[in-house]
K.L.:
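I have a structure I would like to understand better, so I am pasting it below and will then ask my questions one at a time.
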Amino acid sequence: MVLPHYLCSHIQNAFRARLQHIAVHHTTQNLAILSILLRSGFLSNVTRGTVEAPSPDEFHEAPESHKRIWADLKYRDDRPVLSDMELISHPSKPIFMELSEIRRLCTGRRVQNVKPLRMGEIAIVKTKDRENEWLEAREALQLRLPGEVICRAR
């Protein structure tokens with residue numbers, strides 16, 4: 001399984017290099033995290049494609065090793081919308097939070113040595129629910145689903 005730290009560093013480095021598009025391996029995890037970033041306004045578009053180009057038509061015929069997810073990065077006044085993306089839960093130390101702890105994190109209080117979320121910042125949570133496996137922290141709070149807090153973006 002591909003770890004989320006690869007995606008976090010790839011996105012952050014792409015913004016620093018002022019790239020317009022990035023392509024990452026097609027996995028459920030990457031698609032879910034990019035979809036959350038799209039819904040939160042950090043990306044302008046997410047589409048499936050191949051190694052060569054974002055093309056949903058070619059995606060279905062391509063072999064698994066050539067399938068990619070293409071994301072269009074968003075800039076405002078020539079500055080990246082996403083300024084920082086960092087892991088909270090590491091492979092050696094996963095951070096699981098109950099509903100009360102996610103609520104405290106979202107309302108601006110420190111939980112388990114994790115700094116609170118500030119204005120315009122999101123946290124991505126992986127839950128045990130198969131239908132809503134990947135959620136933004138506030139969505140997990142609304143659906144009352146505890147889980148592992150994977151990363152944060154601001």
Side-chain angles (χ1 to χ4, degrees), residues 1-17 19-74 80-99 101-103 105-106 111-117 120-154:
M1 181 177 152
V2 178
L3 297 174
H5 71 273
Y6 169 76
L7 182 64
C8 290
S9 63
H10 190 72
I11 292 172
Q12 194 166 345
N13 291 340
F15 270 112
R16 287 180 180 162
L19 300 179
Q20 290 298 108
H21 317 284
I22 59 167
V24 295
H25 290 284
H26 183 267
T27 63
T28 306
Q29 170 186 283
N30 287 349
L31 184 60
I33 292 173
L34 289 173
S35 297
I36 291 169
L37 291 173
L38 177 67
R39 285 196 314 264
S40 300
F42 292 109
L43 302 174
S44 60
N45 187 26
V46 173
T47 186
R48 291 178 171 161
T50 62
V51 176
E52 291 83 29
S55 172
D57 298 329
E58 293 176 20
F59 174 81
H60 297 292
E61 287 88 38
E64 197 65 36
S65 62
H66 289 266
K67 292 183 177 182
R68 297 289 185 269
I69 303 169
W70 287 78
D72 295 344
L73 307 181
K74 196 181 215 180
V81 174
L82 183 79
S83 61
D84 186 33
M85 190 166 180
E86 63 179 300
L87 278 183
I88 293 175
S89 194
H90 297 276
S92 61
K93 187 177 184 214
I95 305 288
F96 292 95
M97 290 191 184
E98 295 297 322
L99 214 53
E101 294 173 317
I102 293 175
R103 181 176 290 111
L105 183 72
C106 291
V111 181
Q112 295 185 21
N113 295 327
V114 177
K115 294 177 186 171
L117 296 180
E121 188 172 16
I122 65 164
I124 297 175
V125 178
K126 181 181 182 187
T127 65
K128 297 208 184 290
D129 184 36
R130 299 308 287 162
E131 192 163 319
N132 298 305
E133 189 174 9
W134 294 90
L135 296 168
E136 199 273 321
R138 290 167 187 90
E139 294 170 347
L141 198 56
Q142 283 181 334
L143 296 173
R144 306 184 61 79
L145 294 170
E148 180 181 3
V149 182
I150 301 293
C151 60
R152 67 191 313 147
R154 62 178 153 262

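Small disclaimer: the values here were computed from a predicted structure and weren't measured.
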K.L.:
According to side chain to side chain donor-acceptor pair (under 3.5 Å), who are the partners of Ser89, at least two apart in sequence or on a separate chain?
P.N.:
Glu148
K.L.:
Does any non-hydrogen side-chain atom of Cys151 lie less than 4.5 Å from one of Pro4?
P.N.:
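They are not in contact (no side-chain heavy atoms under 4.5 Å apart), so the answer is no.
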K.L.:
Enumerate the residue pairs fulfilling salt bridge (Lys or Arg N to Asp or Glu O under 4.0 Å) with a member in residues 43-52, sequence neighbours excluded, ordered by first and then second residue.
P.N.:
none
K.L.:
Would you please name every residue forming a salt bridge (charged side-chain N to carboxylate O under 4.0 Å, His left out) with Arg144, sequence neighbours left out?
P.N.:
none
K.L.:
One pair to check against side chain to side chain contact (heavy atoms under 4.5 Å, CB included): Ile11 and Leu34. What are the steps and the verdict?
P.N.:
CA-CA 10 Å; Ile11 292 172; Leu34 289 173; 3.7 Å; yes
K.L.:
Sorted by first residue and then second, give each side chain to side chain donor-acceptor pair (under 3.5 Å) pair with at least one member in residues 4-13; sequence neighbours left out.
P.N.:
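Qualifying pairs, neighbours excluded: Gln12-Asp84.
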K.L.:
Keeping to residues at least two apart or across chains, list the ring-ring contact (aromatic ring centres under 6.0 Å, His included) pairs with something in residues 20-59.
P.N.:
His26-Phe59
K.L.:
Which residues satisfy the salt bridge (charged side-chain N to carboxylate O under 4.0 Å, His left out) test with Lys74, sequence neighbours excluded?
P.N.:
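Applying salt bridge (charged side-chain N to carboxylate O under 4.0 Å, His left out) to Lys74 gives none.
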K.L.:
What distance do Ser40 atom OG and Ile124 atom CD1 have between them, rounded to the nearest 0.5 Å?
P.N.:
7.5 Å
K.L.:
What is the minimum heavy-atom distance between Ser44 and Leu73, and which atoms define it?
P.N.:
OG-O, 4.0 Å
K.L.:
Mind checking side-chain contact (heavy atoms from CB on, under 4.5 Å) for Lys128 and listing every partner two or more places apart, or none if nothing turns up?
P.N.:
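Scan of Lys128 (side-chain contact (heavy atoms from CB on, under 4.5 Å), adjacent residues dropped) gives none.
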K.L.:
By side chain to side chain donor-acceptor pair (under 3.5 Å), which residues pair with Ser35, not counting sequence neighbours?
P.N.:
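Applying side chain to side chain donor-acceptor pair (under 3.5 Å) to Ser35 gives none.
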K.L.:
Show, in sequence, the C-alpha distance, side-chain angles and deciding distance for Leu7 and Gln29, and conclude whether the side chain to side chain contact (heavy atoms under 4.5 Å, CB included) test is met.
P.N.:
CA-CA 9 Å; Leu7 182 64; Gln29 170 186 283; 5.7 Å; no
K.L.:
Considering residues at least two apart in sequence or located in another chain, which fulfil the side-chain contact (heavy atoms from CB on, under 4.5 Å) criterion with Ser83?
P.N.:
Arg154
K.L.:
Would you say the side-chain atoms of Thr127 pair up with the backbone N or O of Leu135, donor to acceptor, closer than 3.5 Å?
P.N.:
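No; zero donor-acceptor contacts below 3.5 Å.
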K.L.:
Could you list the residues that satisfy side-chain contact (heavy atoms from CB on, under 4.5 Å) with Pro146, not counting sequence neighbours?
P.N.:
Glu98
K.L.:
How would you list all residue pairs meeting salt bridge (Lys or Arg N to Asp or Glu O under 4.0 Å) that involve residues 27-43, not counting sequence neighbours?
P.N.:
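Output for this query lists Arg39-Glu139.
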K.L.:
Above 12 or not: heavy atoms from other molecules or residues under 6.0 Å from CD of Glu131?
P.N.:
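No, not enclosed.
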K.L.:
Kindly indicate, with the supporting measurements, whether the criterion side chain to side chain contact (heavy atoms under 4.5 Å, CB included) is fulfilled by Met85 and Leu37.
P.N.:
CA-CA 11 Å; Met85 190 166 180; Leu37 291 173; 3.9 Å; yes
K.L.:
Enumerate the salt bridge (Lys or Arg N to Asp or Glu O under 4.0 Å) contacts for residues 19-38, please, sequence neighbours excluded, ordered by first and then second residue.
P.N.:
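Qualifying pairs: none.
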K.L.:
With the side chain counted from C-beta on, respond yes when Ile150 and Ile88 share a heavy-atom pair under 4.5 Å apart, and no when they do not.
P.N.:
no
